[in-house]
Amino acid sequence: MDKARVADVLDEIGTLLDIQGENVFKCRAYHNAARIVTGLGGDLAALVSSGDIRNVKGIGEALAEKITELVTTGKLAYYDELKASFPPGVFEMMKIQGVGPKKVRLLMEKLSITTVAQLELACREDRLAAVEGFGKKTQENILAGIELLKKHSSQFLYSVAERAALTILGRIAALPGVIRAEIAGSLRRKKEVVGDIDILVAAKKTHAKKILSAFASHESVQRVLGEGETKASVVLDIGINCDLRVVDPSEFPFALNYFTGSKDHNVRIRSLARAADLSLNEYGFSPLGSGEKRGSSKRAVACASEEDIYAALGLSYVPPELREDAGEVDAALARTLPVLVEERDIRGTFHCHTTYSDGANTVTEMAEAARALGWEYLGLADHSKAAAYANGLDETRVRKQQKEIDSVNQKLAGFRILKGIEVDILANGDLDFSDATLATFDYVVASVHSGFKMSEADMTKRILKALRNKYVTMIGHLTGRLLLIREGYALRQHEIIDAAADSGKIIEINAHPQRLDLDWRLCRYAKEKGMKFAINPDAHVTDGLLDVRYGVGTARKGWLEKKDILNTSTLREVETYLSLT
DNA sequence: GCCGTTTTCGGCCCGACTGTTTTCAGTCG
């Protein structure tokens with residue numbers, strides 16, 4: 001059993017104990033352990049077999065035993081028993097905003113409610129308000145929460161879908177007869193939120209059956225929706241639909257292009273094909289009106305790759321991230337597509353957390369991980385004191401960390417740790433530190449972490465005020481999950497970007513794998529304003545440094561180039577930019 | 001359930017916000 005699944009089980013145990021009313025610190029121990037396991041570097045199986053898992057801080061005797069059982073047997077008796085004592089559906093209820101373990105427990109005890117559907121009915125029949133501790137308002141809020149849940153239940157964060165997809169892709173690619181296997185669809189286009197997973201395989205027809213049945217019997221498959229000659233559809237354990245198609249190797253580029261989409265992009269390039277008297281579909285090009293059947297050896301244009309397809313239409317190659325019919329086809333025709341930022345362009349980053357606040361690794365460990373990636377610098381921006389839930393730093397601990405950074409920097413030749421802070425923007429728009437303290441940092445990231453329910457107008461005012469502080473270098477993650485929850489929020493973000501552009505601030509493309517990135521349309525808007533961007537991982541763990549790739553994905557969709565991204569600058573250039581000596 | 005240690009058990013991250021209360025509990029970040 002892999003790290004991610006072990007973490008899921010531990011987290012689930014924590015939640016079930018929460019509902020059971022167990023000691024909160026015991027529950028927290030499980031939730032903590034889930035986070036710790038996720039953040040562990042290296043191979044979990046090796047840690048278990050050597051017994052070193054017991055030496056990890058936060059993993060005591062009991063947890064070490066349970067993790068060992070999970071890793072070695074793939075099961076955990078304690079978990080199975082615990083889970084069996086709850087009706088299925090309780091987890092779904094916890095997903096409703098404002099419903100936590102205590103409310104779930106009350107609902108189960110007082111009204112025998114164990115599913116979201118039952119809960120919704122009870123709200124509509126006005127039965128909730130009568131329960132002690134609940135009221136009219138709570139009932140309304142829960143109903144609203146259920147609506148929201150329904151609306152987004154078919155959407156998955158990119159990182160969640162990617163994890164599931166890569167597990168399956170790895171297995172499929174290793175099967176006999178598989179010549180190529182790729183992820184297609186919105187996941188390949190690196191949409192922040194995707195509805196399903198599409199996987200495409202190139203193989204001879206004789207192998208198709210075996211490939212499809214191996215797919216349908218993969219351990220993460222919860223339910224098989226259909227399994228035919230060339231295609232199988234399943235639902236994975238995380239609830240997402242996953243389709244696998246097997247196509248002939250000669251058709252693969254066409255199928256990959258077709259199933260990558262977007263639909264609007266496909267419509268545009270098919271109309272280009274028609275203008276050239278060609279018909280383009282998922283099997284290939286054919287002369288218009290020829291009536292040729294697929295599989296004909298007389299294809300109008302043979303293509304060995306997607307590059308060939310675009311070239312045949314007189315287009316330069318359009319990277320998947322750009323295929324949204326957002327001007328990319330015209331740009332490809334005119335040969336004016338931007339040279340997009342690549343992961344390998346990144347020379348460093350600006351928003352990493354350490355064990356000083358809520359990170360999982362020390363200053364030294366983070367620096368070494370960054371150096372191992374070939375970077376020249378690493379910006380540490382731990383939380384400030386108002387973020388108490390994240391163990392935010394007060395002025396004393398800031399000084400301590402800065403001292404440590406100085407000492408580590410002396411040992412790292414050709415590499416520099418930059419002293420940053422992720423300072424909270426308080427409810428009134430003030431910053432969590434005085435100007436005197438802010439002045440001690442190399443740069444300052446200002447972020448909102450509280451009061452999300454304030455009106456959009458007030459939130460905008462609050463952020464604008466913070467941006468007027470001369471020590472603020474960068475706007476922290478503007479949106480997070482708010483983008484999902486509040487339609488129209490982006491409008492106010494434009495106001496913020498306008499103001500930030502005027503004062504020369506940097507936009508952060510925050511790439512925390514658990515959150516939505518800054519919307520790429522905003523990136524394009526900000527780019528038009530001439531703003532500089534920073535692709536930041538908000539990394540709490542060493543492995544998390546790599547998550548900068550999520551930010552790169554969003555940057556590419558915003559048509560951002562190397563020159564737009566501060567992280568692609570060399571250390572010397574960054575030092576100059578930040579006016580460091 | 002974990003940690004640290006004044007080595008055997010007490011403390012464990014905390015404040016804002018909301019809705020329910022009339023002094024607080026639950027949820028969230």
Side-chain angles (χ1 to χ4, degrees), chain A residues 9-11 13-37 53-68 76 78-79 82 93-107 109-110 123 128-145 148 353 355-359 382-394 397 422 424-428 430 432 447-455 458-459 462 476-477 479-482 484-485 510 512 514-516 538 540:
Chain A
V9 170
L10 294 176
D11 213 36
I13 291 173
T15 304
L16 290 173
L17 294 176
D18 272 330
I19 297 173
Q20 234 173 36
E22 237 327 328
N23 176 308
V24 289
F25 296 107
K26 178 172 169 179
C27 303
R28 194 176 298 171
Y30 280 94
H31 292 300
N32 284 343
R35 229 191 48 236
I36 291 164
V37 167
I53 187 73
R54 181 64 183 81
N55 300 327
V56 176
K57 192 166 159 18
I59 308 293
E61 202 175 340
L63 274 161
E65 264 178 38
K66 292 188 172 75
I67 293 169
T68 302
L76 177 61
Y78 172 73
Y79 166 68
L82 185 67
M93 283 203 282
M94 294 273 296
K95 289 186 193 160
I96 302 166
Q97 282 280 323
V99 176
K102 298 292 180 336
K103 289 210 170 81
V104 167
R105 183 162 184 214
L106 265 179
L107 290 167
E109 281 177 359
K110 304 282 182 190
C123 288
L128 233 61
V131 178
E132 201 180 337
F134 289 77
K136 269 266 182 266
K137 193 81 193 161
T138 304
Q139 187 166 279
E140 280 170 29
N141 287 343
I142 289 180
L143 261 183
L148 199 69
H353 295 196
T355 43
Y356 271 89
S357 65
D358 60 349
D382 274 306
H383 286 284
S384 64
K385 58 181 186 284
Y389 62 89
N391 192 23
L393 278 61
D394 59 16
R397 293 176 61 225
E422 181 181 17
D424 261 43
I425 301 174
L426 305 177
N428 63 4
D430 285 347
D432 196 19
S447 304
V448 169
H449 287 108
S450 61
F452 289 107
K453 285 194 174 173
M454 88 181 14
S455 75
D458 286 344
M459 181 69 95
R462 170 185 180 186
H477 39 87
T479 57
R481 286 180 292 167
L482 280 174
L484 248 185
I485 294 165
N510 190 266
H512 192 296
Q514 298 308 320
R515 294 193 187 132
L516 282 180
D538 187 6
H540 292 185

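A, B, ... follow the sequence lines: proteins, then strands. Residue 1 opens every chain.
- Within a 6.0 Å radius of NZ in A:Lys110, no more than 12 heavy atoms belonging to other residues, nucleotides or ligands are found.
- Within 4.0 Å (heavy atoms only), A:Val104 reaches no atom of the nucleic acid at all.
- Rounded to whole Å, the distance from CG on A:Leu426 to P on B:dG29 is 18 Å.
- Closest approach of A:Lys57 to A:Ile36, counting heavy atoms only: O-CD1, 3.4 Å.
- Atom pair A:Leu148:CG and B:dC28:P shows a separation of 12 Å (rounding to whole Å applied).
- Here, B:dT8 and B:dG1 have their C1' atoms 16 Å apart, quoted to the whole Å.
- Across B:dG1, B:dG19, B:dT27, the shortest atom-to-atom separation from the side chain of A:Asn141 is found for B:dG19.
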Atom pairs, N/O to N/O, protein against nucleotides 9-13 of chain B, distance under 3.5 Å?
residue: B:dC13; atom: OP1; partner: A:Arg28; partner atom: NH1; Å: 2.9
residue: B:dC13; atom: O2; partner: A:Ala388; partner atom: O; Å: 3.0
residue: B:dC13; atom: O2; partner: A:Tyr389; partner atom: O; Å: 2.9
residue: B:dC13; atom: N3; partner: A:Tyr389; partner atom: O; Å: 2.9

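- Using cut-offs of 30° and 60° on the angle between ring planes, the pair A:Tyr30 and A:Tyr78 is parallel.
- Here the closest heavy-atom approach between residue A:Thr355 and residue A:Asn391 is recorded as O-ND2, 4.3 Å.
- Nucleotides B:dT20 and B:dT27, compared at atom C1', are 13 Å apart to the nearest Å.
- Mapped onto DNA chain B by nearest heavy atom, A:Lys137 and A:Gly100 fall at different nucleotides, with A:Lys137 at the one closer to the 5' end.
- Using atom P as the reference point in both B:dG11 and B:dT5, the two lie 16 Å apart (nearest Å).
- If A:Lys136 and A:Ala386 are placed on DNA chain B by their nearest nucleotide, the residue sitting closer to the 5' end is A:Ala386.
- Summarising the base pairing, B:dT8 is matched to no nucleotide, lacking a Watson-Crick or G-U wobble pair whose two defining distances lie under 3.5 Å.
- Using a 4.5 Å cut-off on side-chain heavy atoms (C-beta onward), A:Thr15 and A:Pro101 make no contact.
- Comparing B:dT18 with B:dT23, their C1' atoms are spaced 15 Å from each other, to the whole Å.
- Atom CZ of A:Arg35 and atom P of B:dG1 are 19 Å apart (whole Å).
- At the heavy-atom level, A:Glu132 lies nowhere under 4.0 Å from the strands shown.
- Spacing of P atoms, B:dC13 relative to B:dG4, comes out at 12 Å, to the nearest Å.
- If you take CD of A:Gln97 and C1' of B:dG19, they are 16 Å apart, rounded to a whole angstrom.
- For the C1' atoms, the distance linking B:dT21 with B:dG26 amounts to 13 Å, nearest Å.
- Atoms CE (A:Met459) and C1' (B:dG29) sit 12 Å apart, rounded to a whole Å.
- With A:Asp18 as the fixed residue, the side-chain hydrogen bond (donor to acceptor under 3.5 Å, both in side chains) test singles out one of A:Arg105, A:His31, A:Lys102: A:His31.
- Considering only side-chain N and O atoms, A:Thr138 lies under 4.0 angstrom from the phosphate OP1 or OP2 of B:dT20.
- A:His353 and A:Asp382 share no donor-acceptor pair across their side chains, judged by distance under 3.5 Å alone.
- You'll find that the side chain of A:Lys103 is closest to B:dT27, out of B:dT27, B:dC3, B:dG1.
- When the nucleotides B:dG26, B:dG1, B:dG4 are ranked by their closest atom to the side chain of A:Lys102, B:dG26 comes out on top.
- Of the listed nucleotides (B:dG1, B:dC3, B:dT20), B:dG1 has the atom at the smallest distance from the side chain of A:Tyr30.
- Put simply, NZ on A:Lys66 is 8 Å from P on B:dC2, counting in whole angstrom units.
- Atom CD of A:Glu109 has more than 12 heavy atoms from other residues, nucleotides or ligands within 6.0 Å.
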Would A:Gln20 and A:Leu17 count as a side-chain contact (heavy atoms from CB on, under 4.5 Å) here? Give the steps.
CA-CA 5 Å; A:Gln20 234 173 36; A:Leu17 294 176; 3.6 Å; yes
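- In this entry the distance linking CD of A:Gln139 with P of B:dT20 reads 10 Å, nearest Å.
- When the P atom of B:dT5 is taken as reference, atom NZ of A:Lys57 falls 10 Å away, rounded to whole Å.
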